[in-house]
Novice: 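One structure, as structure tokens, below. Some questions next.
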Amino acid sequence: MQKDILDTSRLPQHIAFIIDGNGRWAKRRGLPRSMGHKSGMIRMKKTVTHAFDLGIHCVSVYCFSTENWNRPKEEVDYLFDLFRQYFEKEFEELFARGVRLQVMGDLSKIPLDVQESLRAAIERTKDNDKYVLNLAINYGGRNEIVRACNMAIDKGNHVDIPAFEKLLYTKDLPPLDLIIRSSGELRLSNFMLWQAAYAEFYFSNIMWPDFDDKQLDKALIDFQHRNRRFGAIKES
Ligand code: IPE
Ligand code: IPE
Ligand code: MG
């Protein structure tokens, strides 16, 4: 029998969200997709805040993939405008609690005003050391790996696994413990491919804008019942 109480003394250090289902959430309500994204960002801030309140040190969030450029321009523009609002204002409460903002992805391709507000937020929070919010923007796991390979080639040295990990965006972060994906899709969609090697996976049918604090607790309780063996033999 599984206990359904969250043990806050055994939390993962690093969790990651694939925040999926904003569009379908909106469609079911007869709303434009943009309203799904708006609700999704409100939810993201709340759920991430809950994770930090519980004591999870690092939260990664997939905000925009290298493949999401294939969406209509209006939707992409709307998303970047939303992100900018969060970097400039909405995340301020999180930053005041000691959250450091970090980003992974190729930022050179995103709108200039968003790049600027992002850099300002990263600068403002650089000395915060309690929590890390790591946002994946114009991020692809395959790109991250190819980029690291090219960096290694430029240095002219063979690399082993620890040396290679120092070339990834996540070099300063704890190992990834848990990946949570909403909306019922059972795939990674090019997210944290390297880091996922020994992460646990949790898939929920809930559309992201409805993924509330209770849903996160449920995912964490589920995680606490996993037997992470890392290839060895361990009794649960
Ligand atoms: C996830 O929701 C948010 C982003 C990809 C930015 P979607 O926009 O993918 O929502 P669905 O999957 O179409 O429902
Ligand atoms: C993954 O969701 C990307 C983000 C959550 C930002 P998608 O909705 O883009 O993934 P697919 O297309 O269903 O695989
Ligand atoms: Mg989707």
Side-chain angles (χ1 to χ4, degrees), residues 14-48 51 58-87 90-91 101-111 113-115 117-118 133-147 168-170 173 176 178-196 199-212 215-216 219:
H14 183 178
I15 65 173
F17 292 105
I18 302 175
I19 57 171
D20 199 13
N22 292 348
R24 279 163 285 167
W25 180 92
K27 193 171 179 204
R28 284 176 191 175
R29 286 163 177 74
L31 297 168
R33 290 179 61 86
S34 57
M35 288 304 103
H37 292 312
K38 190 175 178 189
S39 303
M41 282 301 278
I42 293 170
R43 177 62 66 195
M44 196 261 265
K45 184 178 150 190
K46 286 188 182 154
T47 306
V48 164
C58 179
V59 180
S60 294
V61 183
Y62 205 6
C63 295
F64 194 90
S65 73
T66 46
E67 289 75 32
N68 286 147
W69 296 107
N70 295 322
R71 296 185 179 205
K73 185 175 182 311
E74 312 84 76
E75 179 167 345
V76 171
D77 288 349
Y78 184 85
L79 277 168
F80 280 108
D81 211 47
L82 258 184
F83 299 156
R84 193 176 44 72
Q85 287 171 36
Y86 275 73
F87 303 143
E90 303 295 339
F91 280 144
L101 181 67
Q102 178 177 319
V103 175
M104 52 183 189
D106 180 2
L107 300 182
S108 69
K109 305 283 187 305
I110 71 171
D113 59 338
V114 184
Q115 286 185 37
S117 54
L118 188 49
L133 177 59
N134 174 43
L135 300 182
I137 298 179
N138 191 20
Y139 171 87
R142 289 182 294 204
N143 271 19
E144 181 182 28
I145 293 168
V146 168
R147 174 181 172 269
L168 299 175
Y169 292 117
T170 46
L173 304 181
L176 181 59
L178 172 65
I179 298 177
I180 296 171
R181 182 168 188 152
S182 56
S183 89
E185 306 300 344
L186 307 179
R187 57 179 171 266
L188 281 176
S189 302
N190 202 11
F191 187 54
M192 300 186 87
L193 300 180
W194 174 282
Q195 296 83 352
E200 296 294 320
F201 291 79
Y202 181 86
F203 295 103
S204 163
N205 288 328
I206 306 280
M207 296 297 147
W208 177 257
D210 291 331
F211 195 94
D212 60 13
Q215 295 300 328
L216 176 57

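Numbers here are sequence positions counted from 1. Every number for a ligand or one of its atoms is a count from 1 in the order of the listing. Because the structure is predicted, anything quoted here is derived from the model rather than measured.
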Novice: How far does CZ of Arg181 sit from CG of Leu188, to the nearest 0.5 angstrom?
Specialist: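 Rounded to the nearest 0.5 Å, the CZ-CG separation comes out at 8.0 Å.
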Novice: Taking only residues two or more places apart in sequence, or in another chain, which ones meet Ala219 in a side chain to side chain contact (heavy atoms under 4.5 Å, CB included)?
Specialist: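 Result, side chain to side chain contact (heavy atoms under 4.5 Å, CB included) vs Ala219: Ile180, Tyr202.
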Novice: I'd like to know if the side chain of Ser117 reaches the main chain of Val114, judged simply by a donor and an acceptor atom lying under 3.5 Å from each other, with no hydrogens or angles considered.
Specialist: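 Present.
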Novice: To the nearest 0.5 angstrom, please state how far the CD atom of Gln115 sits from the NZ atom of Lys109.
Specialist: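 If I round to the nearest 0.5 Å, the distance is 9.5 Å.
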Novice: Could you pull out the N/O/S protein atoms under 2.8 Å of the Mg ion (ligand 3), ignoring any water?
Specialist: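 Per the 2.8 Å query on the Mg ion (ligand 3), atoms found are Asp20 OD1.
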Novice: I'd like to check the ring pair (Phe, Tyr, Trp, His ring centres under 6.0 Å) partners of Phe80; sequence neighbours left out, ordered by chain and number.
Specialist: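 Applying ring pair (Phe, Tyr, Trp, His ring centres under 6.0 Å) to Phe80 gives Phe64, Trp69, Phe83.
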Novice: Hey, which of Leu173, Leu133, Leu135, Thr170 is the one that makes side chain to side chain contact (heavy atoms under 4.5 Å, CB included) with Gln102?
Specialist: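 Looking at Leu173, Leu133, Leu135, Thr170, the match for Gln102 under the side chain to side chain contact (heavy atoms under 4.5 Å, CB included) is Leu173.
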Novice: I need the Leu176 CG to Phe191 CZ distance, nearest 0.5 Å.
Specialist: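 Taking CG in Leu176 and CZ in Phe191, the distance rounds to 7.5 Å.
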Novice: What atoms of ligand 1 come within less than 4.0 Å of a heavy atom belonging to His37?
Specialist: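 Counting from 1, the qualifying ligand atoms are 3 (C), 8 (O).
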Novice: For ligand 2, run through the N/O pairs with the protein that fall under 3.5 Å and put one pair on each line.
Specialist:
residue  : atom   : partner : partner atom : Å
ligand 2 : 8 (O)  : Asp20   : OD1          : 3.2
ligand 2 : 8 (O)  : Arg71   : NH2          : 3.3
ligand 2 : 9 (O)  : Asn68   : ND2          : 2.9
ligand 2 : 9 (O)  : Arg71   : NH2          : 3.3
ligand 2 : 10 (O) : Arg181  : NH2          : 3.4
ligand 2 : 10 (O) : Ser189  : OG           : 3.4
ligand 2 : 13 (O) : Arg187  : NH2          : 2.8
ligand 2 : 14 (O) : Arg187  : NE           : 2.8
ligand 2 : 14 (O) : Ser189  : OG           : 2.6

Novice: Can you label the angle between the Phe211 ring and the Trp208 ring as parallel, tilted or perpendicular, going by 30° and 60°?
Specialist: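 Geometry flag for Trp208 against Phe211: parallel rings.
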Novice: Using non-hydrogen atoms of the residue, decide whether Arg33 is closer than 4.0 angstrom to ligand 1.
Specialist: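 In this structure, Arg33 qualifies as a contact of ligand 1 - some heavy atom is under 4.0 Å.
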Novice: Quick one: does any side-chain atom of Tyr78 pair with a main-chain N or O of Lys38 as donor and acceptor, under 3.5 Å?
Specialist: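 No, because the side chain of Tyr78 does not come within donor-acceptor range (under 3.5 Å) of the backbone of Lys38.
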Novice: So, does Arg24 use its side chain to make a donor-acceptor pair with the main chain of Ser183 at under 3.5 Å?
Specialist: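 Here the side-chain-to-backbone pair exists.
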